[in-house]
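Here is the structure we will look at, set down as structure tokens.
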Amino acid sequence: MMAQATRSRSKLFWDVASYALLLLLAFICIAPIVWTFLTSIKFEADIVTREMHYIPPRVTFENYVRLWNQSSYPVLVLNSLVVTSVTVLICLFTGTIASYAFSRFQFRGRTELMLGYLVVRMFPAVLMIIPLFIVMRQVGLLDSTIGLAIAYTSFLLPLFVWMLKGFFDAAPKELESAARIDGTTRLGAMFRIVIPIARNGLLATCVFVAIAAWNEFLFALMLTTSQGSRTWPVGLQLMVGEFQLPWGMLAAGGMISILPVVVLFAIVQRAMVAGITAGAVKG
Amino acid sequence: MSTLTLRGVRKSFGLLEVLHNVDLELEDGGFLVLLGPSGCGKSTLLSIIAGLEPASGGDVLIGERVVNDVHPKDRNIAMVFQSYALYPTMTVERNMGFGLEMRGVPTAERDGKVLDAARLLQVEHLLARKPGQLSGGQRQRVAMGRAIVRDPELFLFDEPLSNLDAKLRVEMRTEIKRLHDRLGTTVVYVTHDQVEAMTLGTRVAVMREGVIQQLADPQTIYDRPANMFVAGFIGSPAMNFISGVLEAGPGGPAFVYEAGRLRLSLPEPAMPRGVAMGRPVILGTRPEHLTLGSGSAARLSGTIDVVEPTGPDTMVVAMIGGQPVTARLPPRVALRPGEPVELAVDTSALNFFDPESGERL
Ligand SMILES: Nc1ncnc2c1ncn2[C@@H]1O[C@H](COP(=O)(O)OP(=O)(O)OP(=O)(O)O)[C@@H](O)[C@H]1O
Ligand SMILES: [Mg+2]
């Protein structure tokens, strides 16, 4: 009786403690976003004030309107969309087949190649960026959305292949054997059996790559020079000089930029969690 | 006509040779059981027959056709896997019809065949479900249904019952036998369960480390095992082995054991043919060929070690010549550990093996 009471009391303590910690973490994550949002709907005059206004005294969407109509922001977002989509598409088409091969076939140089993919990820981006810049200039892909997408692919494809390989590995090989006896080719077995099983994993992997490409700054800064191919993180940064320090517009830009990510997460969240936690596929 | 012929099939994974020169032939409508301990190469052999793995050497013939380079889908076979390998994203109906779908069979015909097979296996009420919503036994039935629907020339089963609980396993075993009797399709069936092998097979191939030890009908394998490995692998409790020497004594030939202190008189017909007297041998006798009794001339003497009643029988382990010997005796025998015991031997069912090679004499 006593022991039980003590145990339930200590359980209560741990529950409270873990909730407190989770709430703290959630606050740390959400507070900057809330602050940015609040800033974005303030008048310029209410942002930099002598006294701190947490809650905006007056609400306006002027920042959003001005950002959209008077700056190049729509072009930046569009460029980001193009770069992100192209990156994901290249990864999807080449990476899916590559990681299937890594997962299923034993061939000469397999381990070395896999390791090579990993090593690419370990170099600091700064090291890669100068050679990449020179190569891009030579082949005339500098300052183009496609060039940027290819640059992103160079370091996101390994991530894609490694992640997806895990999901493919989890799909039992016997399923493919069964499919091949049932009359599919190897490739047919992959498309009809394995990919539907790894669908959530594939989705999760794509989302990771998409978010990484969407938010990327350093490569975009180095490899694009003109309005025509610049992406939003660079554009946002450049605004700082152009309009002195337009806090409201910067905040509005930030809000607009995270919107696609938030929407994407909201749509695929369930499938992604299922994909990530799907250690084993029940047959 | 034979449905399946293997000629000198070999398989290596790198330096590891897992199948050495496998030869076998299976007649039309036969039921071949590949039996052997874990890792002996049963699944590998089945994969080679199915065409999922290429052999490193030798020929595989299905019917009259050499199929070494034929794609699995063109071999006219169907396979049931240990894990069932049902496609988790498809309904039971689509799972069962997938092979026909891939072969371009019209939908109406496909549905008819799937329904027939589902009826035969009593799974028609499950057709709309996904494999994840089925019990183990139901998955097993669906997996068999998927094989049946295709009406192949050859069925391959890889330990189909090993994931089921004991009771269900016995039920499904009977069901498989009934299906085979009814469909008459040739079957190759992999298992490491000797009871499955005995009950289902028309032919049993006992394998060990990639070599077929004996290929025969189940009764022959049981009565006249080719070597000590087969003798010990088949039968539960296992065959008893007693090492000793054959001698021509004054009262006729005898098997002398326990350093020559005890002898088992043998009538002439029980003697292995062409074996020299004075030769060390291992005598093999099955537990059911031992009975209580001191009347018989051929008997083994020892001390009772353990008494294990199982219901229909009582298993008595006696120490004879320093080796444990199990006898299957009637229930309610009044024996106690430590007592001396005399076990009469049925000399018509004795086996002799060479102590060196383990081969039958
Ligand atoms: N792809 C492979 N690469 C290397 N070795 C393998 C491979 N597949 C099987 N083996 C080896 O071949 C041997 C036979 O394996 P196999 O799966 O045929 O055994 P099995 O008789 O089916 O055993 P079990 O009863 O456990 O299923 C084992 O030693 C195994 O380690
Ligand atoms: Mg196996």
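In what follows, chains are A, B, ... by sequence order, proteins preceding strands, each numbered from 1.
Residue A/Arg199 does not touch chain B at all, counting heavy-atom pairs closer than 4.5 Å. In this structure, no portion of B/Ala147 lies under 4.5 Å from any heavy atom of chain A.
Salt bridge annotation for B/Arg141-B/Glu175: present, with a cationic side-chain nitrogen under 4.0 angstrom from a carboxylate oxygen.
Among B/Lys130, B/Arg103, B/Met79, the residue with the largest count of heavy-atom pairs under 4.5 Å with chain A is B/Arg103.
For the pair B/Lys11 and B/Phe13, the cation-pi criterion (under 6.0 Å, within 45° of the ring axis) is fulfilled. For the pair B/Arg146 and B/Tyr84, the NZ or CZ position fails the cation-pi test of under 6.0 Å to the six-membered ring centre and within 45 degrees of the ring normal.
For A/Phe123 and A/Phe155, the ring centers sit 6.0 Å or farther from each other.
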